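In this chain, residues are counted from 1 in sequence order. Ligands are counted one by one from 1 in listed order, and the atoms in each one are counted from 1 as well. Treat the numbers as computed from the prediction; the structure is a model and nothing was measured.
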Amino acid sequence: MSTTIYAHRGSSGLSPENTMPAFQQAEQLGAEGIETDVQLTKDKVPVLIHDETVDRTTNGMGYVKDLTYNELMQLDAGSWYAERFQGTKIVSLEEFLSWIKPKDFAINLELKNNIVDYPNLEAIVLEQLRTFQLEERTVISSFNSESIKRFRSLASDVELALLSSKRMEDPLRNLTECGANAFHANYRLLTKKLMQQCDHHNVPLRIYTVNRPSRMMRCYNLGCDGIFTDFPHLSMEKKELHHHQQLRKKASQ
Ligand code: G3P
């Protein structure tokens, strides 16, 4: 099976992350999946934003958990990136799921609850996934293993990935303990041995954030199940190159 290319926070190398322009651009550039981050507003609306505060990616200030959805909607989430994106809004999970539903993308929703552990985030996200019937092509991920455990207790039919940037002695055991059935690992953790262990246990291994062509090629050569990249067009181009290299190799055998 070939490596699925996920646009990381949308096409975030070229557009303001986690906004509709970034998602639409990911589609234009041929990405196969979209990764995005979920946090919860004061009035419990799941919204797509990477940081716990709006400070870096909008013209506002404060924690997402302290702002209502209506307050968030007043903010500009595009100007910080480039003037031409002025007027871009923060996207709600509902808006995103409704946009992506008729499209072919694989979906990765990262629950951003390793710093602020939002009560009920798992149930709120699950309810929306069920409403849109998108469980089958969605993987839920989190750095918070307790959240993965909670999600697993609510749903046995959803793919759950533990995220890690830290080397673990026995990653497969950590996954089993929290009920995850996929591993989303920082590129620094990628080794042939890890790939073999994941393969052996039928655990999809997806790698973030892969922006350099040499790293993309290494992921393809090792057979990673997915990569998260800010530059989906470049990743697709390199994937095509890898495919041709494989065909030539086969033909010469
Ligand atoms: O979900 C993969 C990757 O996005 C995890 O790191 O910091 O970009 O959320 P971060």
Side-chain angles (χ1 to χ4, degrees), residues 3-19 22-23 25-26 31-40 46-58 63-65 77 80-81 90-91 93 96 100 105-118 121-122 125 129 134 137-148 151 158-168 171 174-175 178 180-190 194 198 203-212 215-216 218-219 224-232 234-235:
T3 307
T4 304
I5 312 294
Y6 287 80
H8 178 239
R9 310 180 195 171
S11 182
S12 59
L14 303 162
S15 303
E17 62 185 58
N18 286 324
T19 63
F23 301 140
Q25 193 168 36
E32 297 157 319
I34 292 189
E35 186 266 0
T36 185
D37 304 297
V38 186
Q39 316 243 9
L40 212 53
V47 289
L48 308 183
I49 180 165
H50 178 270
D51 299 358
E52 288 67 32
T53 70
V54 297
D55 302 12
R56 180 177 61 87
T57 56
T58 75
Y63 278 86
V64 177
K65 71 175 173 57
W80 70 276
Y81 188 86
I90 291 178
V91 182
L93 177 61
F96 173 73
I100 209 165
F105 288 114
I107 304 166
N108 174 207
L109 302 178
E110 181 187 342
L111 307 188
K112 276 285 173 201
N113 53 2
N114 53 319
I115 296 176
V116 176
D117 198 355
Y118 301 99
L121 179 62
E122 300 84 3
V125 169
L129 270 191
L134 283 168
R137 56 181 164 115
T138 301
V139 53
I140 300 287
S141 60
S142 178
F143 284 100
N144 180 342
S145 59
E146 290 305 314
S147 171
I148 298 286
F151 209 112
V158 178
E159 187 179 351
L160 301 181
L162 184 64
L163 267 158
S164 186
S165 58
K166 295 194 187 98
R167 221 166 282 283
M168 298 181 254
N174 292 47
L175 296 185
C178 65
N181 42 10
F183 189 27
H184 290 185
N186 186 289
Y187 181 82
R188 283 182 290 114
L189 305 189
L190 178 62
L194 177 65
C198 288
V203 166
L205 175 62
R206 305 185 184 96
I207 302 296
Y208 70 91
T209 302
V210 188
N211 288 338
R212 288 190 208 159
R215 293 183 170 188
M216 292 168 187
R218 181 163 173 254
C219 290
C224 295
D225 297 87
I227 62 166
F228 303 100
T229 180
D230 299 335
F231 302 102
L234 184 61
S235 304

Using a cut-off of under 3.5 Å, which N/O atoms of ligand 1 pair up with protein N/O atoms, and what distance separates each pair?
from: ligand 1; atom 1: 1 (O); to: E35; atom 2: OE2; distance (Å): 2.8
from: ligand 1; atom 1: 1 (O); to: E110; atom 2: OE1; distance (Å): 3.1
from: ligand 1; atom 1: 4 (O); to: H8; atom 2: NE2; distance (Å): 2.8
from: ligand 1; atom 1: 4 (O); to: E35; atom 2: OE2; distance (Å): 3.0
from: ligand 1; atom 1: 4 (O); to: E110; atom 2: OE1; distance (Å): 3.4
from: ligand 1; atom 1: 7 (O); to: H50; atom 2: NE2; distance (Å): 3.0
from: ligand 1; atom 1: 8 (O); to: H8; atom 2: NE2; distance (Å): 2.9
from: ligand 1; atom 1: 8 (O); to: R9; atom 2: NH2; distance (Å): 2.8
from: ligand 1; atom 1: 9 (O); to: H50; atom 2: NE2; distance (Å): 3.1
from: ligand 1; atom 1: 9 (O); to: E110; atom 2: OE1; distance (Å): 2.9
from: ligand 1; atom 1: 9 (O); to: K112; atom 2: NZ; distance (Å): 2.8

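Residues forming a side-chain hydrogen bond (donor to acceptor under 3.5 Å, both in side chains) with T229 (at least two apart in sequence, or on another chain): N211, S235. Listed by chain and residue number, nothing satisfies the side-chain hydrogen bond (donor to acceptor under 3.5 Å, both in side chains) test with Y81 (two or more places apart in sequence, or in another chain). Every residue two or more places apart in sequence or in another chain that forms a side-chain hydrogen bond (donor to acceptor under 3.5 Å, both in side chains) with E32 is listed here: K239.
A distance-only check finds a donor-acceptor pair linking the side chain of Q39 to the backbone of D51 [under 3.5 Å].
For the residue pair S142 and N113, a side-chain donor N or O sits within less than 3.5 Å of a side-chain acceptor on the partner.
Under the side chain to side chain donor-acceptor pair (under 3.5 Å) test applied with D230, the options S15, S11, S12 reduce to a single match, S12.
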